[in-house]
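Read the structure below first, then the notes.
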Amino acid sequence: IRAKSISEVIDIELRCNHQTENGVCGNIFDSEIDLTKAKIMKDDNISNKISLGNNVMLKMKYPSYHDIRTLNEDQDSMNLKIDLILSCIEYITEGDNVKSLNKDFTLSELREFVENLSVENFKKIENFVDNFPYFVIEHEAQCTRCGFMHKNTYRDLENFFR
């Protein structure tokens, strides 16, 4: 969105960490990152349909920006993971019967369902949420002082803005 609304290029400053004969270069120099070079990485082996056995299947979806923003990051990692999983369950099927949140069960009932899954089934769902698609931007820039070629890979927004 930023590339189309503002600019496809972001101006950045980099610090050279290259070790020279006199120590770390330390030069700060300007560079540009071309956002059109960003690639979306997705593991095609991970399905959004997860079979739990006994004719039960979950249809998963990726969380929305709102879903991620409303997660309570102050809670322990297991509850945070469960909340993320809950935001990703689109519906549950038992044979031909489709059950969805708010229509067929409450959020607390869904939480209880997830918390009572076997370790094996929980790991199947956890694999889905641990492997969301992500973007990668590979960036190369040459230090203007020592000439060292820096090669950086930014994998996500949090990493990119550090």
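Quantities reported herein were computed from a predicted structural model and do not represent experimental measurements.
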**Q.** side-chain hydrogen bond (donor to acceptor under 3.5 Å, both in side chains) involving Glu94 - partner list, sequence neighbours excluded
**A.**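 Glu94 satisfies side-chain hydrogen bond (donor to acceptor under 3.5 Å, both in side chains) with Lys99 once adjacent residues are dropped.
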Q) Which residues satisfy the side-chain hydrogen bond (donor to acceptor under 3.5 Å, both in side chains) test with Ser100, sequence neighbours excluded? A)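 Once residues adjacent in sequence are excluded, Ser100 has no partner under the side-chain hydrogen bond (donor to acceptor under 3.5 Å, both in side chains) criterion.
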hydrophobic_cluster_shared for [Y] and [X], side chain cutoff 4.5 Å:
X: Val119; Y: Val114; result: no
X: Ile85; Y: Val56; result: yes
X: Tyr65; Y: Leu71; result: no
X: Leu58; Y: Leu107; result: yes
X: Leu117; Y: Met57; result: no

With heavy-atom distances below 4.5 Å as the criterion, would you say the side chains of [X] and [Y] are in contact?
X: Ile82; Y: Phe122; answer: yes
X: Leu84; Y: Asp67; answer: no
X: Tyr91; Y: Lys103; answer: no
X: Glu138; Y: Lys37; answer: no
X: Leu14; Y: His139; answer: yes
X: Lys81; Y: Asp130; answer: yes
X: Ile89; Y: Met60; answer: yes

I need the minimum non-hydrogen distance between [X] and [Y], along with the two atoms involved.
X: Gln142; Y: Gly147; answer: NE2-O, 2.9 Å
X: Cys16; Y: Phe148; answer: SG-CB, 4.5 Å
X: Asn79; Y: Gln75; answer: CB-OE1, 3.2 Å
X: Ser47; Y: Phe128; answer: O-CD1, 3.6 Å

What's the spacing between [X] [atom1] and [Y] [atom2] if we round to 0.5 Å?
X: Glu8; Y: Leu35; atom1: CD; atom2: CG; result: 8.0 Å
X: Ile92; Y: Leu101; atom1: CD1; atom2: CG; result: 9.0 Å
X: Asp104; Y: Leu110; atom1: CG; atom2: CG; result: 11.5 Å
X: Cys146; Y: Glu21; atom1: SG; atom2: CD; result: 11.5 Å
X: His150; Y: Cys25; atom1: NE2; atom2: SG; result: 7.0 Å
X: Tyr134; Y: Lys39; atom1: OH; atom2: NZ; result: 11.0 Å

Q. For the residue pair Phe132 and Tyr62, does the interplanar ring angle fall in the parallel (under 30°), tilted (30 to 60°) or perpendicular (over 60°) class?
A. perpendicular
Q: Scan residues 49-61 for pairs that pass side chain to side chain donor-acceptor pair (under 3.5 Å), counting only residues two or more places apart or in two chains.
A: Lys59-Glu90
Q: Take atom CZ of Arg145 as the centre, draw a 6.0 Å sphere, and report whether it contains more than 12 heavy atoms from other residues, nucleotides or ligands.
A: yes
Q: Go through the side-chain N and O atoms of Asp34 and Thr36 and say whether any donor and acceptor fall under 3.5 Å apart.
A: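 Short answer, yes.
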Q) Hey, is the main chain of Leu52 close enough, under 3.5 Å, to the side chain of Asn121 for a donor-acceptor pair? A) yes
